[in-house]
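To start, the structure under review is shown below, and the notes come after it.
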Amino acid sequence: MKTIRVSLEDRSYAIHIGSGVLRSLPRLIRANGLGRVAIIITTPRVHRLLGRLVSGELRRAGVDIHILEVPDTEKSKSADEALRLIEKITRLEKSRKVFLVALGGGVVGDLTGFVAAIYKRGIPYIQIPTTLLAQIDSSIGGKTAVDTAFGKNLIGAFHQPRLVLSDTRLLKTLPRRQILSGLAEGIKYGAIHDASFFAFIEKAIDQILALEPGATSRLIETSSRIKAGIVSRDERDTKDARIILNFGHTFGHAVEAASRFKITHGEAVAIGMVLACRLSEKLGLLDAASARRVSRLIQKAGLPATIPSFVKTASILKALAHDKKFSRGKTRFVCLTRIGQTRIKENVSPALIQNLIKER
Ligand SMILES: NC(=O)c1ccc[n+]([C@@H]2O[C@H](COP(=O)([O-])OP(=O)(O)OC[C@H]3O[C@@H](n4cnc5c(N)ncnc54)[C@H](O)[C@@H]3O)[C@@H](O)[C@H]2O)c1
C-alpha cells in the first residue's frame with residue numbers, strides 16, 4: 001500500500017493506493033474518529049458490483065451502515081438530488097454522529113462531497129473512488145459541486161475528504177471506455193509535470209490498459225502525488241498553481257459540449273491536449289517532435305486525437321464563445337514548453353484559436 005499525504009494544516013488527509021487497500025478501512029475509520037453511522041452514497045450499478053464488499057469492511061469497523069442510491073448519470077449532480085439526499089440523511093442521523101462515504105465515480109464523488117459540505121455547514125466524508133478518473137483525479141482536492149441548467153459545476157464548495165482509498169481491485173469491472181477516460185488525465189499529469197512519468201506511460205501502456213496491478217498502481221500513485229502537491233500549494237484555486245490542471249480542458253470542454261456529451265470527459269481532454277500542443281507549437285513554445293509524441297501516446301492508448309466528424313466546427317466555436325474566459329477577451333491557455341513543463345499564455349488571439357479549430 002502506498003500512502004500520499006495532502007498537506008493542508010488541519011484539513012490534511014491521506015490517500016491510500018493499491019490492490020486490496022480496502023481491507024484497511026476499519027482501522028482507518030477508527031484512527032480518523034469518523035463517527036458511528038456511515039451513509040454510503042452510490043449508484044445502483046456500483047451498489048450491485050461493490051456494495052457488499054464495502055459494507056463488509058465498514059461493518060468490521062463497528063459502524064451502522066445505510067446505503068442511498070442516486071441514478072447513474074451526470075444529471076445526479078444537481079441541487080435537487082443533493083436536497084433529496086439531505087432529507088434522507090436527516091431521517092437517518094437521529095442523535096449519532098454520521099459520516100458520508102462516496103462510493104462511485106466522479107459524479108458520486110462530487111455530489112457526496114457537496115452534500116457533506118453543506119449539510120449542517122459541513123460533516124466528514126471519505127472517498128472510495130471506483131473509476132480510474134476518480135482514483136487519478138476527482139477524489140482528490142476537495143472541489144465539490146453540482147451542475148445547473150446554466151452550466152457544469154456552477155454550485156459548489158471546497159470541502160476536503162477525511163480519507164481517500166483507491167483500491168485498484170475495484171476497477172476490474174470498469175468498461176474499457178471508462179479506463180481510457182481516466183488514462184487521459186494520467187497522460188495529462190505526465191505532460192504537465194513529469195517527463196519520466198510520461199515516458200513510463202508510453203512504455204507501460206499495454207499493462208495499464210490490462211489493469212495490471214503494478215502498472216495501474218503506479219499510474220494512480222504518481223498522478224495522485226502530483227495532484228496532492230498542487231492542491232497543497234493552492235487549495236482554493238487562487239494562486240495560479242491549480243490552473244495547470246486545466247491543460248487540454250478549455251478545448252476539451254468545448255468539444256465535449258459540442259458533442260452533446262456523446263464523448264466522455266477523458267476523450268474530450270485527449271482531443272483538447274492535442275489542440276493545446278498544436279497551439280503551443282504555433283506560439284513557438286513547443287517543438288513539433290514533442291507535440292507529435294503527445295498525440296502519438298493518445299492514439300496508442302486508443303483515445304481520439306482529432307475532433308470526431310459528427311462534432312460540428314460551428315458548435316465548438318459557439319461553446320468556446322460561451323466559455324467565460326474566452327468571451328471576456330481574457331484568453332488564457334495552458335501551453336507546453338516541453339513534456340513535463342507548462343507555460344500560461346495570456347491574451348491568445350481569438351482568431352488563432354478559431355483557425356486551430358477550423359483546421360480540425
Ligand atoms: N472534483 C474534481 O476535482 C473533478 C475532477 C475531474 C472530474 N470531475 C467530475 O467527475 C465526473 C466524471 O467522473 P467519472 O468519469 O468517474 O464518471 P461517472 O461517475 O459518471 O462514472 C462513469 C461510469 O462508470 C460506472 N462505474 C463506476 N465505477 C464502476 C466500476 N467499478 N465498475 C463498472 N462501472 C463503474 C458508473 O456507473 C458510470 O456509468 C464529472 O462530473 C466531472 O465534472 C471532478
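Counting convention: from 1, in listed order, for ligands and their atoms alike. Just so you know, these numbers use all the heavy atoms, side chains as well, and skip hydrogens, waters and symmetry mates.
The shortest separation from a heavy atom of H265 to ligand 1 is not under 4.0 Å, leaving the residue out of contact. Under the 4.0 angstrom criterion for non-hydrogen atoms, Q135 is not in contact with ligand 1.
Considering both main-chain and side-chain atoms, S181 never comes within under 3.5 Å of ligand 1 through any nitrogen or oxygen pair. For ligand 1, the polar-atom distance check finds no N/O of D137 at less than 3.5 Å from any of the ligand's N/O atoms. Residue V107 places at least one N or O, backbone or side chain, under 3.5 Å from an N or O of ligand 1. The distance criterion of under 3.5 Å between nitrogen or oxygen atoms is not met by V108 with respect to ligand 1. Every N/O-N/O distance between V46 and ligand 1 stays at or above 3.5 Å.
The protein atom (non-hydrogen) at minimum distance from atom 40 (C) of ligand 1 is E74 OE1, 3.4 Å. The nearest heavy-atom contact from the protein to atom 33 (C) of ligand 1 is T173 O, 3.2 Å. Scanning the protein for heavy atoms near atom 15 (O) of ligand 1, the closest one is L133 CD2, 3.4 Å. Distance from atom 3 (O) of ligand 1 to its nearest protein heavy atom, with residue and atom name: K227 NZ, 3.4 Å. The protein heavy atom nearest to atom 8 (N) of ligand 1 is S138 CB, 3.7 Å. If you check which protein heavy atom lies closest to atom 37 (O) of ligand 1, you get D72 OD2, 2.7 Å.
Between D110 and K152 there is no salt bridge, since no side-chain nitrogen of the basic residue lies less than 4.0 Å from a carboxylate oxygen of the acidic one. A salt bridge between E202 and R293 is present, with a side-chain N of the basic residue lying under 4.0 Å from a carboxylate O of the acidic one. Ion pairing between R60 and E57 holds under the 4.0 Å rule for side-chain N and carboxylate O. In summary, R84 and E81 engage in a salt bridge, as defined by a charged side-chain N under 4.0 Å from a carboxylate O.
For R218 and F200, the positive end sits near the middle of the six-membered ring, less than 6.0 Å away and at most 45° from its axis.
Between Y189 and the options I136, I201, T222, L219, a side-chain contact (heavy atoms from CB on, under 4.5 Å) holds for only I136.
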